[in-house]
Peer 1: 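The structure under discussion is supplied below as structure tokens; questions concerning it will follow.
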Amino acid sequence: MAKIQPGDVISHTEMCLEEMVSLQRGMNFRLKNSCSVILMSLRKGAPYADRVEDNGEVLIYEGHDVPKNLAQIPKAIDLPFYTPKGTLTQNGKFFETAERFKEGFQKPELVKVYEKIKDGIWVYNGVFELVDAWIEESDNRNVFKFKLQITDQTVDQKEKRKTELKDLDHNRMIPTSVKLEVWKRDKGRCVQCGRTDNLHFDHILPYSKGGTSLKAENIQLLCARHNFQKRDSII
Ligand SMILES: [Zn+2]
């Protein structure tokens, strides 16, 4: 399988194969064979209030509730920083690493972001830097918020080496509403050949040539083959 690229459409299984772990929870601090991974969803009725800012460059991600087995109504109590055993929760781990970055002790944590756009359909949104974390009041309780900034770095999973992406189109996250509109318009198929597997959200006019990520008119679904053909013809 070719290396996964931002904008790629994948199944939950493919996502787990990419990370070499069964991804069950939304926040995953420093996976064994990779960097940190978060799963997001901006769909209506999604459990957390994640949002995208600054033309797709910034993601504000909400921390996660106590597990259902530890509280009758998880949404009614403050988000936990510690587990009952006194170790850091995922909230606590991400929060502490953001604090360490802000105090100058480490580089920003690199976080890969996957987004669920429909049941069984996920999109890889790229690598982000965790640059800030804070606590705010929401519905009479305290929640953690994490600010993630999209980066042109990519993470080599085996060597944890960072390389620069050549393709500037990967520097913008396509908003969820645009992804959903394009998916519906193109009927979940490559616009060139009609294939329904290995799909990718493609910028028709590349971002580097002035194209936008924010309008469905400039985004289309392409299969891997037609995406690579197009990229080769541009370069
Ligand atoms: Zn195709």
Side-chain angles (χ1 to χ4, degrees), residues 1-23 34-35 37-44 46 50 52 55-57 59 111-128 150-158 163-235:
M1 192 169 100
K3 192 162 166 52
I4 192 167
Q5 301 287 344
D8 280 355
V9 179
I10 53 173
S11 68
H12 186 263
T13 309
E14 287 166 330
M15 188 172 80
C16 295
L17 282 172
E18 173 72 19
E19 298 305 330
M20 293 184 277
V21 53
S22 173
L23 287 163
S34 180
C35 60
V37 171
I38 60 172
L39 314 183
M40 60 176 281
S41 174
L42 297 175
R43 303 180 306 156
K44 275 183 195 148
D50 305 331
V52 175
N55 293 346
E57 289 174 60
L59 167 65
V111 183
K112 289 167 84 176
V113 177
Y114 294 92
E115 177 182 6
K116 185 178 186 178
I117 60 165
K118 282 173 167 294
D119 283 335
I121 299 172
W122 293 77
V123 179
Y124 176 49
N125 277 340
V127 179
F128 290 68
I150 201 159
T151 164
D152 57 2
Q153 296 175 100
T154 167
V155 180
D156 186 305
Q157 297 207 352
K158 285 197 185 104
T163 50
E164 301 288 308
L165 279 174
K166 291 183 189 102
D167 187 348
L168 277 174
D169 282 352
H170 293 154
N171 273 350
R172 295 295 180 281
M173 188 164 101
I174 301 164
T176 310
S177 58
V178 173
K179 288 194 192 99
L180 287 170
E181 195 180 332
V182 170
W183 185 268
K184 196 174 163 191
R185 184 198 65 207
D186 296 347
K187 300 183 173 66
R189 294 168 178 275
C190 172
V191 295
Q192 304 248 348
C193 67
R195 282 186 75 139
T196 57
D197 57 333
N198 293 320
L199 295 172
H200 176 85
F201 282 97
D202 170 62
H203 290 72
I204 296 171
L205 181 65
Y207 185 81
S208 51
K209 294 189 161 56
T212 177
S213 302
L214 306 179
K215 291 204 166 86
E217 297 90 84
N218 193 45
I219 309 291
Q220 64 184 357
L221 282 175
L222 286 180
C223 70
R225 197 179 120 222
H226 285 114
N227 183 37
F228 288 129
Q229 273 181 11
K230 185 187 163 191
R231 207 176 292 175
D232 284 349
S233 69
I234 288 172
I235 296 165

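Both counts, for ligands and for their atoms, begin at 1 and track the order of listing. The structure presented is a predicted model; accordingly, all values stated were derived computationally and were not measured. We're numbering straight along the sequence, starting at 1.
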Peer 1: Answer yes or no: is there a donor N or O on one side and an acceptor on the other, between the side chain of H12 and the main chain of K116, under 3.5 Å?
Peer 2: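 No; judged by distance alone, with no hydrogens or angles, the pair does not exist.
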Peer 1: Once side chain to side chain contact (heavy atoms under 4.5 Å, CB included) is applied, do any residues pair with L180, and if so which ones, sequence neighbours excluded?
Peer 2: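 Applying side chain to side chain contact (heavy atoms under 4.5 Å, CB included) to L180 gives I117, K118, T176.
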Peer 1: Just by distance, do the side chain of N218 and the backbone of T212 share a donor-acceptor pair under 3.5 Å?
Peer 2: yes
Peer 1: Kindly compute the distance separating NE2 (H200) from CD1 (I4), expressed to the nearest 0.5 Å.
Peer 2: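 So the gap between those two atoms works out to 10.5 Å.
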Peer 1: Are the side chains of E115 and K179 in contact, using a 4.5 Å heavy-atom criterion?
Peer 2: yes
Peer 1: Taking 2.8 Å as the limit, list every protein N, O or S atom around the Zn ion (ligand 1), by chain and residue number.
Peer 2: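 Metal shell, protein only: C190 SG, C193 SG, C223 SG, H226 ND1.
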Peer 1: Does the N198 side chain pair with the main chain of A224, one donor and one acceptor, at a distance under 3.5 Å?
Peer 2: no
